[in-house]
Amino acid sequence: MKDPDHGEKPSESGASAAGRSEARTGAPRGGKGKRRRRKLSGSPSAIASGSGPSGEAGRPAALNEAEPSRKRKRRRRSKSARPQDQSVASGASAPALDAALSDKKGGQKRNRKARHRRGLQGRPLASADNPTTSLRPGERPGDTARPRNGDAAAQQQARPERLGAPFVAPGEPPAPLYAALDLGTNNCRLLVAQPTRPGQFRVVDAFSRIVRLGEGLGASGRLSDDAMERSVEALKVCAAKLGARSIRRRRLIATEAARAAANGEAFMKRVAEETGLELEIIDRETEARLAVSGCSSLVDRETRSVVLFDIGGGSSEIAVIRIGENRSSRLANHITHWTSLPVGVVTLSERHGGEHVTPQSFEVMVREVEAMLAGFESPSVDALASGSYGDGFHLIGTSGTVTTLAGVHLDLPRYDRRRVDGLWLSDDEVSAMQARLLSWDFAARAANPCIGPDRADLVLAGCAILEAIRRRWPSSRMRVADRGLREGLLTDMMADDGAWRRGRPRRHQRSFGSAQAGEERVKRHEGTEA
C-alpha cells in the first residue's frame with residue numbers, strides 16, 4: 001500500500017543509498033503511478049521502527065536532516081489532517097522505502113495526465129474508493145453525508161438543480177408575457193413577447209401564415225368558405241400557442257377583410273366557437289395609430305417629420321407625423337393627419353391582374369391610387385421639408401411590399417429580418433428595384449427567395465401603391481420597417497401597464513432585496529389576463 005503523504009527524496013548515504021540501488025536493479029516499477037508530489041509509500045509509523053531516535057518521530061534521521069524545515073511542517077500538517085494508513089507492516093525496512101521511491105519515479109509521466117482530478121488550489125480530489133477521508137470525527141462509512149460549510153460541491157448536491165432556468169430572486173416573478181394577434185386580409189400573425197429595456201421587448205414566440213382571408217372579397221362583398229377555413233386552421237395554431245403559456249395581457253384584432261365583409265361579424269363568432277379566441281374588429285384610425293406605435297423605435301431623435309405608410313392586403317394606412325421640439329414617449333401622439341385607403345395588394349391585384357403585369361397596367365394601378373390620395377388633405381411635401389420641420393423628413397414603409405424590395409435589393413439568398421428591418425433605401429434604389437421587379441415575369445418573381453410563389457402575384461400591386469405614395473410625398477430616402485400592428489399592440493399594452501417604469505433591479509442586486517420588497521414587487525406585477 002502507498003501512503004498519501006508527500007516527502008522529499010532522502011540523501012544518497014549509508015544503507016539508504018544501498019537499498020535504493022537494490023530497488024533500481026531488482027524491484028519492478030509500479031503499475032499505477034501517483035502524482036509527482038505524492039508522498040513515499042510506507043507509513044511513517046512503520047518506518048519509525050527502523051530509524052534512530054534523532055529527528056522527527058516516525059522518520060529516519062537521514063531523511064529529517066536532508067529535508068528542509070518547511071517540508072517537515074507541511075508533512076506534519078498533512079499527517080494531522082488525514083488518517084494514517086495502517087496496512088504496511090511495522091517491520092518495513094529502508095530497502096522497502098527506496099523501492100517505493102523508484103516506484104514513484106516511474107509513474108511521474110502518467111501522473112501529469114491526471115491533473116484534471118485536482119480540486120481547489122491544485123489539491124487532488126478525494127478518492128471515491130476511500131470514503132473515510134471525508135468522514136467527520138465520530139462518523140462511520142455508510143453514514144449519510146452532511147454538507148459542510150466550506151464544501152461547495154456537497155452544498156450544490158443538496159440543493160435542487162435548476163438547469164436552464166433563468167435567475168429570479170426569491171419573491172420576484174419573471175417578466176410578464178404579452179400577446180398580440182393580427183388577422184389581416186392576407187396574413188394571420190401572432191407575437192408573444194416580454195418587456196426588456198424601455199420601449200423594447202424580447203420575442204418569445206411567433207407565428208405567421210398566409211391565409212388570404214380577403215380573397216374574392218372585392219367581387220362578392222363576403223368572405224369565402226375556403227378563406228374562412230384557412231383562417232380558422234391558422235387561428236387554431238395560435239390558440240394552442242397561447243394556451244401553452246401564461247399570458248398576462250393579450251389583444252387579438254381583425255382588420256379590413258373582417259371590417260368590410262358582410263359576414264365579418266358572423267365569422268368572428270365562428271372563430272370564438274371553434275378556437276376559443278375573441279377577436280375584435282378595429283376601425284381604420286386605430287389601425288393607423290397601431291402602425292405608428294409599432295415603428296416608433298425607427299424614428300431617430302433628429303427626425304422632425306415623417307410620412308409613415310402601411311400597405312396591407314385590403315387597405316393602406318398613411319399617417320403624417322410632425323414631432324417638433326418636444327417629443328412624446330408615444331409617437332402616435334404626434335400624428336397630425338391620417339387616412340386609410342380602401343385598397344391593398346390583394347384587392348388591387350384582383351382588379352388589375354397580378355400575374356401578368358406590363359408597364360402600362362402598372363401605370364394604371366398607380367393612377368388609381370393617386371386618385372384616392374388626391375382627396376386626402378394633408379401638408380404638402382414643401383411644408384414638411386421646409387421651416388422648422390425641414391431637418392430629417394423621410395418616409396417609413398411597414399409592409400410586405402417594402403420588405404420584399406429590401407430583400408431583393410440586398411440579393412439575400414433567403415429573407416433575413418435582421419438585415420431588412422431598419423434598412424435605409426435611397427429614392428434611386430427604390431426606383432431601380434421597382435423597375436427590376438416589373439421586368440420579371442411571374443415565374444421569375446416566384447423563384448426569388450424573398451418573394452416566393454405566395455407573393456409573386458401581389459408584389460407589383462404593392463409597388464404601385466408605393467409609387468403613388470412616393471409621387472405624393474417625394475423624399476430622398478425611405479426606411480424599411482419589418483414590423484407593424486402586432487408590435488404596436490405590444491408596445492401600447494406594455495406602456496399602459498407601466499412595464500418599462502418598474503425599475504426592475506439588476507440581476508446581481510435581486511438577491512439582496514428584503515422579503516417586504518419582494519412582496520411589493522409581486523403586487524406591482526399583478527394583472528389580469530385579457
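Values below: every heavy atom of this structure, side chains too, minus hydrogens, waters and symmetry copies.
Using a 4.5 Å heavy-atom cutoff, the side chains of V299 and L331 are in contact. Considering only heavy atoms from C-beta on, R322 comes within 4.5 Å of P379 through its side chain. The closest side-chain heavy-atom distance from V192 to F207 is not below 4.5 Å. T401 places none of its side-chain heavy atoms less than 4.5 Å from the side chain of I465. Side-chain contact between T185 and T347 is absent, with no heavy-atom pair separated by less than 4.5 Å. With a 4.5 Å cut-off on side-chain heavy atoms, Q434 and L466 count as touching. Between F393 and R304, every side-chain heavy-atom pair lies at or beyond the 4.5 Å cut-off. R477 places none of its side-chain heavy atoms less than 4.5 Å from the side chain of L395.
Side-chain atoms of S349 do not come within 3.5 Å of backbone N or O of G354 as any donor-acceptor pair. Between the side chain of D310 and the main chain of E317, no donor-acceptor pair closer than 3.5 Å is present. Between the side chain of W440 and the backbone N or O of A446, no donor-acceptor pair lies under 3.5 Å. In this structure a side-chain-to-backbone donor-acceptor pair under 3.5 Å is missing from E467 to V366. T336 places a side-chain N or O within donor-acceptor distance of the main-chain N or O of V320, the cut-off being under 3.5 Å. Looking only at distances, a side-chain donor or acceptor of E429 sits under 3.5 Å from a matching main-chain atom of S426. Here the side chain of R230 pairs a donor or acceptor atom with the backbone of V211 at under 3.5 angstrom. Of the possible polar contacts, one joining the N448 side chain to the C450 backbone as a donor-acceptor pair under 3.5 Å is found.
Smallest separation of non-hydrogen atoms from R270 and E229: NH2-OE1, 2.7 Å. Here the closest non-hydrogen pair linking A257 and L223 is O-CD2, 3.9 Å. Here the shortest heavy-atom pairing between S316 and G344 reads OG-CA, 4.2 Å. Closest approach of E350 and G214 over heavy atoms only: OE2-O, 4.2 Å. Taking both residues in full, the closest heavy atoms of R212 and D454 are given as NH2-O, 2.7 Å, listed atom of the first, atom of the second, then distance. Residues A254 and L279 come closest through the heavy atom pair CB-CD2, 4.4 Å.
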For R248 and L177, run side-chain contact (heavy atoms from CB on, under 4.5 Å): C-alpha distance rounded to whole Å, both residues' side-chain angles, the deciding distance at 0.1 Å, then the answer.
-> CA-CA 6 Å; R248 176 177 180 176; L177 293 179; 5.8 Å; no
Under the side-chain contact (heavy atoms from CB on, under 4.5 Å) criterion, do R472 and V307 qualify, and how do the steps go?
-> CA-CA 10 Å; R472 178 71 163 78; V307 172; over 6 Å; no
Derivation of the side-chain contact (heavy atoms from CB on, under 4.5 Å) call for L437 and C463 | CA-CA 9 Å; L437 291 179; C463 288; 4.0 Å; yes
Assess whether side-chain contact (heavy atoms from CB on, under 4.5 Å) is satisfied between M433 and L425, documenting all intermediate values.
-> CA-CA 10 Å; M433 288 304 101; L425 293 176; 5.8 Å; no
Run the numbers on R445 and E355 for salt bridge (Lys or Arg N to Asp or Glu O under 4.0 Å), then give the verdict.
-> CA-CA 9 Å; R445 296 195 300 269; E355 292 189 7; over 6 Å; no
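With rounding to the nearest 0.5 angstrom, the OG1 atom of T404 is 9.5 Å from the CG atom of L458. The distance from atom CG of D205 to atom CD of Q194, rounded to the nearest 0.5 Å, is 11.5 Å. A distance of 10.5 Å separates CD in E265 from CG in N263, rounded to the nearest 0.5 Å. In this structure, CG on L308 lies 6.5 Å from OG1 on T398, to the nearest 0.5 angstrom. The CZ atom of R417 lies 10.0 Å from the OG1 atom of T403; values are rounded to the nearest 0.5 Å. Atom-to-atom distance recorded for L191:CG and R250:CZ is 15.0 Å, nearest 0.5 angstrom.
With sequence neighbours excluded, no residue forms a ring pair (Phe, Tyr, Trp, His ring centres under 6.0 Å) with H334. Taking D411 as the reference, R436 meet the side chain to side chain contact (heavy atoms under 4.5 Å, CB included) condition, with sequence neighbours excluded. Evaluation of the side chain to side chain contact (heavy atoms under 4.5 Å, CB included) rule for R419 yields L410, L412, D416 as partners, not counting sequence neighbours. Listed by chain and residue number, N333 satisfy the side-chain hydrogen bond (donor to acceptor under 3.5 Å, both in side chains) test with S328 (two or more places apart in sequence, or in another chain).
Residue L183 is tested with L252, L213, I253, T255 for a side-chain contact (heavy atoms from CB on, under 4.5 Å); the sole match is L213.
Shown here is D496, whose CG atom has more than 12 heavy atoms of other residues, nucleotides or ligands within 6.0 Å.
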Name every donor-acceptor pair, under 3.5 Å, that has one atom in a side chain of residues 284-292 and the other anywhere in the protein, sequence neighbours excluded.
unit_1	atom_1	unit_2	atom_2	d
R284	NE	E256	OE1	3.4
R284	NH2	E256	OE2	3.2
T286	OG1	D283	OD1	2.6
E287	OE1	R259	NH1	3.2
E287	OE1	R259	NH2	3.0
R289	NH1	A332	O	3.4

Got a list of side-chain donor-acceptor pairs under 3.5 Å for residues 479-495, not counting sequence neighbours?
unit_1	atom_1	unit_2	atom_2	d
R479	NE	G422	O	3.0
R479	NH1	L298	O	2.7
R479	NH1	D300	OD1	3.3
D482	OD2	Y415	OH	2.8
R483	NE	D421	OD1	3.3
R483	NH1	S297	OG	2.6
R483	NH2	D421	OD2	2.4
R486	NH1	L190	O	3.3
E487	OE1	G484	N	2.7
T491	OG1	E487	O	2.8
D492	OD1	S293	OG	3.4

